[in-house]
Each structure stands twice: as C-alpha cells, then as structure tokens.
Amino acid sequence: VKKSQENINSRLALVMKSGKFTLGYKTCLKTLRSGKAKLVIISNNCPPVRKSEIEYYAMLAKTGVHHYSGNNVDLGTACGKYYRVCVLAITDPGDSDIIKSMPQE
C-alpha cells in the first residue's frame, strides 16, 4: 500500500504543478455535473453520505473514482496545501499520467 501511496502522491504533485483541479466537495460536484472531471479522489475519512453522493455523480458522469488510502489531512498534504482536503476532482491532468495509471473501477 505504501508504494502505491507514494506513486499517487508524486502524480498528484505533478497535477498540482501542471494541471487543473478543483478541491472541495461543492466544487467537485459542480465539476462532475458539468462533465469536466476526469478523475475524482476521495479521502478515507470523508463522511459516508458525501462519499456516496460523489460516487453517484461520478457514476452518472462516467468518471473514475479513486479512494485515497490516507485521511483528509494526508490528501491536503499530498496536494501541497496546508489545509484538509476531503474530495478533489482533476479536470486536466497536465503532464501527469494519473488518470491512465489509476485502476479503473
């Protein structure tokens, strides 16, 4: 698990530098509704109702969902932010191959 975690973290860092993304629950839902999201990442301590709502929207938008193995503090750190991130949607991966590398559900 540790290895894949580092992989995702380095890819996330690349997305943060070169790509486009939205952080947060509300903006991710907006992105999913407009069909712009390529991949959604959810932290492991996201509230279940919220998680299932995001998954439902992602299913409708045919967008991949990745369950991040760390909590929202870890996800925030992986994004290079100093705050907690529960949900993040990647709209443009930039130079990163994060979307191809994720195992499709």
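Nothing fancy with the numbering, it's 1 onward along the sequence. As the structure is a computational prediction, the values presented were derived from the model and not from experiment.
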Self-check item: Expected output: side-chain Asn44 to main-chain Ser69 donor-acceptor under 3.5 Å
Solution: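 Flag set: sc Asn44 to bb Ser69 pair under 3.5 Å.
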Quiz item: Is Val15 linked to Leu23 within one hydrophobic cluster, defined over Ile, Leu, Val, Met, Phe, Trp and Tyr using a side-chain heavy-atom separation of less than 4.5 Å?
Solution: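 Yes; tracing contacts between hydrophobic side chains, which count when under 4.5 Å, links both residues.
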Self-check item: Matching residue for Ser43 among Val87, Asn72, Leu88 - test: side chain to side chain contact (heavy atoms under 4.5 Å, CB included)
Solution: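 Only one option passes, and that is Asn72.
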With rounding to the nearest 0.5 Å, note down the distance linking [atom1] in [X] to [atom2] in [Y].
X: Asp95; Y: Lys17; atom1: CG; atom2: NZ; result: 9.5 Å
X: His66; Y: Ile42; atom1: NE2; atom2: CD1; result: 10.0 Å
X: Cys28; Y: Arg33; atom1: SG; atom2: CZ; result: 11.5 Å
X: Lys51; Y: His67; atom1: NZ; atom2: NE2; result: 6.0 Å

Exercise. Please go through Tyr56's hydrophobic cluster and name the other residues, only I, L, V, M, F, W, Y counting, with side-chain heavy atoms under 4.5 Å joining them.
Key: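 Met59, Leu60, all in the cluster of Tyr56.
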Could you tell me if the side chain of [Y] sits less than 4.5 Å from the side chain of [X], heavy atoms only?
X: Pro93; Y: Ser18; value: no
X: Leu39; Y: Ile41; value: yes
X: Ile8; Y: Tyr68; value: yes

Practice problem: Given side-chain contact (heavy atoms from CB on, under 4.5 Å), test Met16 with Arg11 step by step and report yes or no. | Solution: CA-CA 9 Å; Met16 296 302 142; Arg11 290 197 172 107; over 6 Å; no
Practice problem: Decide yes or no on side-chain contact (heavy atoms from CB on, under 4.5 Å) for Thr63 and Lys38, but give the supporting numbers first. | Solution: CA-CA 6 Å; Thr63 305; Lys38 302 275 193 296; 5.7 Å; no
Pairs under 3.5 angstrom only: tabulate donor-acceptor contacts from the side chains of residues 74-84 to other protein residues two or more places apart or in another chain.
{"residue": "Asp74", "atom": "OD2", "partner": "Asn71", "partner atom": "N", "Å": "3.2"}
{"residue": "Thr77", "atom": "OG1", "partner": "Val73", "partner atom": "O", "Å": "2.8"}

Quiz prompt | Pairwise side chain to side chain donor-acceptor pair (under 3.5 Å) hits with a residue in residues 19-29, at least two apart | solution =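 For residues 19-29: Thr22-Thr31, Tyr25-Glu53.
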